[in-house]
Amino acid sequence: MRLTTVLCSTASAVSALVLLSACSNSGTTATSSDTPLVGVDYPRSDTDFWNSYIKYTPEYAKELGLSLKTTNSQNDVAKLTANAQTFISQGVKGLAMAPQDTAAIAPTLAQLEAKKISVVTVDTRPDSGKVYMVVRADNRAYGEKACQYLGTKLAGKGKVVMLQGDLASINGRDRTEAFNDCMKKNYPGITVLGEATNWDGAVAAQKLQTDLTAHPDIKGVYMQSSFALSGTLQVLKQKGLLVGPEDAKHVFVVSNDGIPEELKSIAEGKIDATVSQPADLYAKYALYYLKAAMDGKTFKPGKTDHDSTIVQVRDGLLEDQLAAPLVTADGGTYGGVPSLKSTDTSLWGNNLG
């Protein structure tokens with residue numbers, strides 16, 4: 001994670017040193033009376049995807065002319081609730097968050113609404129409660145794209161393991177339901193072994209190892225997030241299955257996120273595909289919509305000017321569904337789903353410096 005450089009000026013050298021130290025440790029960018037103050041709660045910092053989001057956030061705050069305060073709820077809704085209280089006390093005018101428990105966040109949203117603090121949720125959509133905008137990709141499409149890829153590669157037959165996220169999250173539910181629905185409809189000859197992992201890489205690795213022992217004929221793995229990448233590769237290596245796609249022992253692996261390590265693994269033939277979840281655009285448009293809320297702008301369902309579609313997911317709740325392409329080594333089309341090559345320079349994972 002790269003810290004935002006903040007300049008704190010004062011009349012005396014001693015005071016400047018004290019203020020600079022305070023700024024560098026406060027989790028904020030510089031504030032002034034003419035720049036709106038917003039808060040961003042990072043949901044976690046233990047995955048490459050969210051660390052990338054953390055990196056992009058201060059860059060886009062600066063670009064949009066916003067002052068920024070940040071916290072990290074570490075995948076704990078109680079910490080997120082406490083962090084929201086801190087933001088309220090700091091006087092933020094808008095707050096971006098990515099609640100991992102999408103049901104339990106409702107009381108906090110109600111409190112923020114009462115305080116007239118605009119909220120944008122990123123990556124996840126609350127089960128209830130009011131937010132100004134949800135910034136998210138179509139997570140059902142994630143599951144469908146993974147299904148179409150694996151179904152094509154397995155020619156509609158065999159066994160696959162789905163390493164699910166947390167079913168308390170709308171993302172885990174959407175990806176799971178869509179993958180299962182697609183397999184049932186299009187590839188009924190494929191057996192899906194669903195494994196709940198709570199977005200925990202160690203749990204995912206243990207369950208994959210157990211499944212491969214019980215079902216040595218497994219030929220596919222769908223990881224609902226890159227949290228499972230390292231453990232999956234390690235298990236496949238231990239089982240002698242980490243071989244190129246030209247080898248008959250190859251197990252086809254589809255991931256979700258589009259982090260640099262996934263793109264590298266695709267190029268090396270260790271995994272086969274991913275769905276690139278736009279960490280950069282999540283940061284950009286979370287802040288874009290917070291600024292729009294403070295400026296009094298409103299939006300309607302329909303196409304946007306940034307290659308996405310705003311949909312109304314329920315009464316009074318809009319979701320900007322950003323583009324999230326399937327990525328493969330060859331850039332082919334699978335089950336009618338086109339893909340980008342893993343080397344495509346338009347992918348954020350190839351531009352993370």
Side-chain angles (χ1 to χ4, degrees), residues 47-48 142-165 172 175-176 178-180 182-184 186-197 199-276 326-335 337 339 341-342 349:
T47 70
D48 289 341
Y142 291 175
E144 290 167 0
K145 290 174 182 179
C147 160
Q148 294 290 1
Y149 182 84
L150 287 174
T152 300
K153 284 295 185 180
L154 272 60
K157 298 179 182 180
K159 297 177 183 176
V160 301
V161 177
M162 173 168 51
L163 298 174
Q164 301 162 323
R175 297 175 199 186
T176 296
F179 187 82
N180 283 332
C182 171
M183 281 294 183
K184 183 177 180 179
N186 299 295
Y187 307 103
I190 292 179
T191 299
V192 178
L193 306 173
E195 298 289 3
T197 71
W199 307 118
D200 187 313
V203 172
Q206 182 270 319
K207 290 192 173 183
L208 177 59
Q209 186 170 44
T210 299
D211 283 338
L212 285 169
T213 299
H215 305 276
D217 55 343
I218 286 170
K219 296 302 293 181
V221 178
Y222 170 38
M223 307 183 300
Q224 289 190 358
S225 168
S226 59
F227 76 94
L229 178 62
S230 176
T232 294
L233 293 179
Q234 183 177 9
V235 170
L236 291 176
K237 185 176 181 180
Q238 289 173 349
K239 295 284 187 179
L241 300 174
L242 192 60
V243 294
E246 71 286 344
D247 192 305
K249 293 188 297 182
H250 181 74
V251 175
F252 290 93
V253 178
V254 182
S255 190
N256 223 141
D257 278 345
I259 63 171
E261 191 61 31
E262 286 176 321
L263 302 183
K264 179 183 176 183
S265 294
I266 291 172
E268 293 174 346
K270 294 179 179 178
I271 71 171
D272 303 274
T274 189
V275 180
S276 180
L326 178 67
V327 180
T328 63
D330 62 2
T333 297
Y334 297 89
V337 178
S339 67
K341 287 187 177 181
S342 60

| Which residue, Tyr142, Tyr334, Tyr187, forms the ring-ring contact (aromatic ring centres under 6.0 Å, His included) with Tyr149? |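 Exactly one option meets the ring-ring contact (aromatic ring centres under 6.0 Å, His included) with Tyr149, and it is Tyr334.
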
| When you look at Met162 and Gln224, which way does the side-chain contact (heavy atoms from CB on, under 4.5 Å) test go after all the steps? | CA-CA 7 Å; Met162 173 168 51; Gln224 289 190 358; 3.4 Å; yes

With a 3.5 Å distance limit and no angle check, can you tell me whether [X] reaches the backbone of [Y] through a side-chain donor-acceptor pair?
X      : Y      : answer
Asp272 : Val254 : no
Thr152 : Gly335 : yes
Lys207 : Ala196 : yes

| said: For Asp257 and Leu229: C-alpha separation, side-chain torsions, deciding distance, then whether side-chain contact (heavy atoms from CB on, under 4.5 Å) applies. | reply: CA-CA 10 Å; Asp257 278 345; Leu229 178 62; over 6 Å; no

Can you measure from [atom1] ([X]) to [atom2] ([Y]) and round to the nearest 0.5 angstrom?
X      : Y      : atom1 : atom2 : value
Lys157 : Lys219 : NZ    : NZ    : 14.5 Å
Asp200 : Ser225 : CG    : OG    : 11.5 Å
Leu241 : Leu233 : CG    : CG    : 12.0 Å
Arg175 : Glu144 : CZ    : CD    : 13.0 Å
Glu261 : Ile266 : CD    : CD1   : 11.0 Å
Ser226 : Ile259 : OG    : CD1   : 4.0 Å

Specify the closest pair of heavy atoms between [X] and [Y], including all atoms of both residues, with the distance to one decimal.
X      : Y      : result
Gly231 : Ala205 : CA-CB, 3.9 Å
Val192 : Met183 : CG2-CG, 3.8 Å
Lys159 : Leu154 : O-CD2, 4.2 Å

| request: Might you work through the side-chain contact (heavy atoms from CB on, under 4.5 Å) test for Met223 and Thr232, ending with a clear yes or no? | output: CA-CA 9 Å; Met223 307 183 300; Thr232 294; 3.2 Å; yes

| field | Sole candidate of Val275, Val327, Thr328 that passes side-chain contact (heavy atoms from CB on, under 4.5 Å) when paired with Ser339 | value |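 For Ser339, the side-chain contact (heavy atoms from CB on, under 4.5 Å) check succeeds only for Thr328.
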
| said: Testing Ile218, Thr213, Val251 one by one against Lys239 for a side-chain contact (heavy atoms from CB on, under 4.5 Å), which residue passes? | reply: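 Of the listed residues Ile218, Thr213, Val251, the side-chain contact (heavy atoms from CB on, under 4.5 Å) partner of Lys239 is Thr213.
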
Is [Y] close to [X] at the side-chain level, that is, under 4.5 Å between some pair of heavy atoms?
X      : Y      : result
Asp48  : Pro260 : no
Leu163 : Val203 : no
Phe179 : Gln164 : no
His215 : Leu193 : yes

| query | Partners of Gln238 by side chain to side chain donor-acceptor pair (under 3.5 Å), sequence neighbours excluded? | reply |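 Per chain and number, Gln238 pairs via side chain to side chain donor-acceptor pair (under 3.5 Å) with Gln209.
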
| message | Pairing donors with acceptors under 3.5 angstrom, does anything connect the side chains of Gln206 and Thr210? | response |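 Distance-only check passes for Gln206 and Thr210.
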
| query | Can a donor-acceptor pair be found between the side chains of Glu262 and Thr274 at a distance below 3.5 Å? | reply |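 Their side chains do contain a donor-acceptor pair, which is all the 3.5 Å distance test asks for.
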
| said: For a side-chain contact (heavy atoms from CB on, under 4.5 Å) check, start with the C-alpha distance between Thr197 and Phe227, then their side-chain angles and the critical distance, and finish with the verdict. | reply: CA-CA 10 Å; Thr197 71; Phe227 76 94; 3.1 Å; yes

